[in-house]
Amino acid sequence: MHHTTALLIELGAVILALGIIGRLAGRIGLSPIPLYLIAGLAFGHGGLIPLDASEDFTAVGAEIGVILLLLLLGLEYSASELVSSLKTQYPSGIVDFLLNAVPGAAAALVLGWGPVGAVALAGVTWISSSGVIAKVMTDLGRLGNRETPVVLGVLVMEDLAMAVYLPLLTAMLAGVGLAGGSVTLLISLGTVGLVLYAALRHGRLISRAVSSDNPEMLLLVVLGLTVLVAGVAQQLQVSAAVGAFLVGIALSGEVAEGAHKLLSPLRDLFAAVFFVFFGLSTDPADIPPVLLPALVLAVVTTLTKIGTGWYAARRAGIGARGRLRAGGTLVARGEFSIVIAGLAVATEPRIGPIATAYVLILVIIGPLAARWTEPLVTRMRGGRGRKQAAGPPTLEDMIAAESGTPAARS
């Protein structure tokens, strides 16, 4: 069969399957992300029917999916809101790092991977998946919730921290000296600073230059600009996702609203491709040997991420339910964890399977945690309250019984 014909057949089958899976997930009230991943595992390397002809196209589509997810997330907020979030959320970023990077580093040292492996696995467990979380918040209709800016503040700090972390990790893996690592770090920080400055000082000019009454022209210009900036950011050792997010931040007003409306269907399509590709690139046979340590690490860092969200939302004055929703939303790991593992696997091959298993567990648990953490904890606390109410009578109860009047309840 001709390669192009095979590509069209495989691609059509994949997109059709995604549509059926999405409808099924909607009927049972579940985010489609875990089902996309399981489908990818079933038809990837080592799966039932490997999809070889469409692999390269799917890989590019997955990159576009992450870029569009972060672009549309950035369109929700202005540059001033970003800076305000960074100013108010930096203590939460520190807590996030300590609670979630330390378990990964400790696990790597226990496994005997050494300092470089510890730094790599710390990054895998530290960084939440902006792509998965953006999709989950959209699916659950939480973009307007009070805790959502807190979640985004933590995610933005993590994404920007990658501009420092990734160059340092790359230098450590390559054995580059202090001077070489410092140059790489300065380039990445300068890039982020330049984009932020342009967004803050010249955001209106950028929006005016991009603006168009023709939807086709607006779509082409915004999409082209985003992919270009993402590619340049990647070349300069800054994540493409960060570049796309900052483009979204730079656009505002009617341009942001129009771009959001035009790009939403494309985001949904390519985001689904991203999650399927992640499953396609994973060999199911590599998972069982490392499943237990990955599961232990996943349980520990699920709790620490919920703690991170609770702390960050409490600092913002949000109630208990919003704190739990924030914590549950932050659980998922994904694209950055895979990037980090991919960089480190040449130096420490053992990190590949455990990182894959770990991310697969949490990218499935993540949407479930986002949906169920708050209801489950609230129900448990309610049950405990009823048990306490049915306990031994208090002094007030006994006095009320003597006098024949009911005791007051708070």
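Just so you know, these numbers use all the heavy atoms, side chains as well, and skip hydrogens, waters and symmetry mates.
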I'd like to check the salt bridge (charged side-chain N to carboxylate O under 4.0 Å, His left out) partners of [X]; sequence neighbours left out, ordered by chain and number.
{"X": "Arg208", "answer": "none"}
{"X": "Arg325", "answer": "Glu147"}
{"X": "Arg315", "answer": "none"}

Please check if the number of heavy atoms outside [X] that lie under 6.0 Å from its [atom1] is greater than 12.
{"X": "Asn214", "atom1": "CG", "value": "yes"}
{"X": "Arg142", "atom1": "CZ", "value": "yes"}
{"X": "Glu374", "atom1": "CD", "value": "yes"}

Starting at [atom1] of [X], measure out to [atom2] of [Y] and round the result to the nearest 0.5 Å.
{"X": "Leu269", "Y": "Ser264", "atom1": "CG", "atom2": "OG", "answer": "12.5 Å"}
{"X": "Leu218", "Y": "Glu254", "atom1": "CG", "atom2": "CD", "answer": "11.0 Å"}
{"X": "Ile364", "Y": "Leu368", "atom1": "CD1", "atom2": "CG", "answer": "8.5 Å"}
{"X": "Leu263", "Y": "Leu75", "atom1": "CG", "atom2": "CG", "answer": "7.5 Å"}
{"X": "Ile67", "Y": "Leu223", "atom1": "CD1", "atom2": "CG", "answer": "9.0 Å"}
{"X": "Ser211", "Y": "Leu251", "atom1": "OG", "atom2": "CG", "answer": "10.0 Å"}

For residues [X] and [Y], report the shortest heavy-atom separation together with the two atoms involved.
{"X": "Ser128", "Y": "Leu330", "answer": "OG-O, 2.7 Å"}
{"X": "Val363", "Y": "Pro367", "answer": "O-CD, 3.0 Å"}
{"X": "Pro32", "Y": "Gly22", "answer": "CB-CA, 4.3 Å"}
{"X": "Ala355", "Y": "Val124", "answer": "CB-CG1, 4.3 Å"}
{"X": "Gly309", "Y": "Ala326", "answer": "O-CB, 3.9 Å"}
{"X": "Ala250", "Y": "Ser207", "answer": "O-OG, 3.6 Å"}

Looking at side-chain heavy atoms only, is the closest gap between [X] and [Y] below 4.5 Å?
{"X": "Ile340", "Y": "Trp126", "value": "no"}
{"X": "Ile354", "Y": "Leu111", "value": "yes"}
{"X": "Val136", "Y": "Ile133", "value": "no"}
{"X": "Met157", "Y": "Asp96", "value": "no"}
{"X": "Thr138", "Y": "Leu72", "value": "no"}
{"X": "Ile64", "Y": "Val227", "value": "no"}
{"X": "Arg333", "Y": "Asn100", "value": "yes"}
{"X": "Leu71", "Y": "Leu68", "value": "yes"}

I'd like to know if the side chain of [X] reaches the main chain of [Y], judged simply by a donor and an acceptor atom lying under 3.5 Å from each other, with no hydrogens or angles considered.
{"X": "Tyr358", "Y": "Pro293", "result": "no"}
{"X": "Ser129", "Y": "Ala332", "result": "no"}
{"X": "Arg323", "Y": "Ile318", "result": "yes"}
{"X": "Thr373", "Y": "Ala370", "result": "no"}
{"X": "Thr302", "Y": "Ala298", "result": "yes"}

Check your understanding: Do you know which of Val210, Leu262, Val247 makes side chain to side chain contact (heavy atoms under 4.5 Å, CB included) with Val222?
Key ->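 Between Val222 and the candidates, side chain to side chain contact (heavy atoms under 4.5 Å, CB included) is satisfied uniquely by Val210.
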
